[in-house]
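Worth knowing before you read on, the calculation uses all heavy atoms, side chains too, and leaves out hydrogens, waters and symmetry mates.
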Amino acid sequence: MAQSNIKVKVQQFGNFLSSMVLPNIGAFIAWGLITALFIADGFLPNENLAKLVDPMVFYLLPLLIGYTGGKLIHDQRGGVVGAIATMGVIVGAPDTPMFLGAMIMGPLGGYVIKKFDQAIEGKIRSGFEMLVNNFSAGILGGLLAILSFLGIGPAVNGFTQLLVAGVDWLITAGLLPLTSIFIEPAKILFLNNAINHGILSPIGLEQARSTGESILFLLEANPGPGLGVLLAFMLFGKGSAKQSAPGAGIIHFFGGIHEIYFPYVLMRPMLLIAVILGGMSGIFTLVLLGGGLSAPASPGSIFAIAAVTPGKASVYFANFAAVIVATIVSFVVSGFVLKSSKQEDEDIEEATQKMQEMKGKKSSVAGALQSNPGTLPESVNKIVFACDAGMGSSAMGASLLRKKVKAANLDVSVTNTAISNLPNDAQIVITQEELTPRAKDKLPNAYHISVDNFLSSPEYDKLIDSLQNGVSEEQAEMVEETEADVTAADHDHDDDDLLREENIFLNQEFATKEEAIRFAGEVLVKNGYVEESYVDAMIDRENVTSTYMGNNVAIPHGTEEAKKAVLRSGFTVLQVPNGVDFDGQEAKLIFGIAGKDGTHLDILSGIAVVCSDEENIEQMVQAQTTKELLDIINSK
């Protein structure tokens, strides 16, 4: 248990370091591109534009890191004080990019102002809040800037120079490839972002500033070792692992999501040898041919690597050669491991168990998380897919789940983020199984779901089924609105007056959904169901969220505030054989609804019953007379 706790703490610390860098990767790439293009040795040497290089690396990037680090601790105020404190280390060591200094002073500034705010909470006299907040941030930030200028800056500068000298010694001694012995296994433990952005990138940026490139940016980001493993599974694997490997390879190599190959390695622990040897051979190739990048490649995609490769043919050759060599070596060793071992059909979903065993975690822990994650909220509107960095596996998982949610016609937001940035209003949190304990620690009151395969997890479908509560996906929203109240409704209206034959319009054509909604609204106005203002309220309701229900049916209606404009309950039916676009969905039957005193629930219930059967929909779309269409509705 102690070993597991230490591992989680290391993951959390590494994730925190990378969380300061990852949100600012765009700025790093911008700096790398400007450097590659306009310095004396760049693609398009330009002495004037090259003046951007030093201010960006000395001031912009450290300040962004410091602000982000402070904000992670104490939101906006923490970010401001963190940036002020970071300015001290920048000026205190003017000849060294203060990335490490920013990683120290940014969070420290956020921590100090957080503790101050906690200490004075509830003790400020009314009317003095702004005065105290502004002066406290200014005074504490100024004191930290002085401290960092006098002490932290020079100390970090000395430490940075020591690290750079150590890396130079490893390169000179030809020992740099040995770092793969530590880097590759650490990646499998989800420390890849911590290694890349918390350790290698700050040192690499110091090298890149003076030489234009650094080999360190490719030690962890090289996709070759993982690609070799996945290619071996494509040819020599069995079962679902063999079937899913091609898709995983595309996502890994072109998308830069390295986490996707980790379960494949853990499925056969001997494959650690393959990725280590692949990584070592790639680094050896870089050292031999003089490869490197001008900025971090994040994510570790071949496209990102090409984008930040300095503009020299020899460097392009070295970098691509390193990827190819690492892939070949990893593939050969992986193929040997897979061919030489007796294997039953490989199930990628069983890799989680292997992951737990390798990391010293009891399997019952993950099982408990999956089988008893909490209580599913009754009304779900926000699902968050989280990973350690928030831009790799979580982005892919959120994309897959978003498609399923859309296909299920559920009005639920699906986003992705880093675990450290999980929003407080997240109702359901989905994470890779190994990362779920951290997510639960960050957001204990959310409903947590663990997945073990980013490509296809049964948990996605189980969640969709749970959200639908067993209701057909096309009619889920309508049934949820009506099932609780419709049976108890006290109906005092004439059912025949709800839908009259003159309210049905056949063979209509509309260019946009707004045009169709306005037509339906004007019918309701003309027939005395609603006031004129209700038409605009129907458009406003559609702008909030689409009223398309699936099965080629849409039910536009007014907003909650528009109830006062409803004179009596009723609805109209528009038959649109050629369809009209409702946010990417084709509606061929449009039911315009006006409900008064809860009687609209009865209307919705009736529509739901009729439209739950696709055969009924087809008959109504093909109806030749208004009476024929009305009879289909009334016969159900």
Side-chain angles (χ1 to χ4, degrees), residues 18 21-22 25 28-29 31-33 35-36 99 163-164 166-168 170-172 174-187 191-229 252-259 261 275-330 389 392:
S18 63
V21 178
L22 284 173
I25 282 295
F28 281 84
I29 292 175
W31 172 78
L33 293 174
T35 301
F99 302 107
L163 290 177
V164 172
V167 171
D168 290 339
L170 287 173
I171 295 174
T172 302
L175 299 177
L176 194 62
L178 296 180
T179 57
S180 290
I181 297 174
F182 306 101
I183 291 175
E184 296 301 331
K187 287 172 66 175
L191 296 174
N192 48 319
N193 288 302
I195 293 170
N196 195 19
H197 301 301
I199 300 173
L200 299 177
S201 290
I203 308 172
L205 285 163
E206 168 66 13
Q207 289 185 329
R209 184 187 69 85
S210 57
T211 65
E213 63 189 61
S214 174
I215 192 176
L216 299 184
F217 294 136
L218 267 174
L219 297 193
E220 184 275 337
N222 187 344
L227 181 61
V229 170
H252 166 71
F253 189 64
F254 295 108
I257 303 174
H258 290 199
E259 291 93 338
Y261 79 84
V275 293
I276 290 173
L277 293 178
M280 291 176 67
S281 61
I283 296 173
F284 179 78
T285 304
L286 289 170
V287 174
L288 184 66
L289 300 179
L293 302 178
S294 59
S298 183
S301 160
I302 192 64
F303 296 128
I305 290 172
V308 292
T309 294
K312 302 175 185 176
S314 60
V315 182
Y316 271 106
F317 176 77
N319 290 348
F320 288 140
V323 174
I324 293 171
V325 169
T327 301
I328 293 173
V329 171
S330 178

query = Is there a side-chain contact between Val325 and Phe284 (heavy atoms, below 4.5 Å)?
reply = no

key: Heavy-atom closest pair, residues Pro310 and Val315   = CD-CG1, 3.8 Å

request  = Report the distance from atom CD1 of Ile215 to atom CD1 of Ile283, rounding to the nearest 0.5 Å.
outcome  = 7.0 Å

key: Straight-line distance of Leu219 CG to Leu286 CG, nearest 0.5 Å   = 7.5 Å

query = Side chains of Pro296 and Val308: does their closest heavy-atom pair fall under 4.5 Å?
reply = no

query = Looking only at heavy atoms, which two atoms of Ile302 and Phe320 are closest? And how far apart?
reply = CD1-CE2, 3.7 Å

Atom pair OG1 (Thr285) and CG (Leu218), whose distance is rounded to the nearest 0.5 Å = 11.0 Å

ask   = Looking only at heavy atoms, which two atoms of Ala221 and Ala297 are closest? And how far apart?
value = CB-O, 4.0 Å

key: Side-chain heavy atoms of Leu227 within contact of Val323, under 4.5 Å   = no

task = For residues Val275 and Glu184, report the shortest heavy-atom separation together with the two atoms involved.
result = O-CG, 3.3 Å

inquiry  = If you compare all heavy atoms of Leu289 against all heavy atoms of Phe317, which two are closest, and at what distance to 0.1 Å?
reply    = CD1-CE2, 3.7 Å

inquiry  = Check whether Ser330 reaches the backbone of Pro225 with its side chain - one donor and one acceptor, N or O, closer than 3.5 Å.
reply    = yes

note = Minimal heavy-atom distance between Asn319 and Gly291, with the atoms involved, is OD1-CA, 3.4 Å

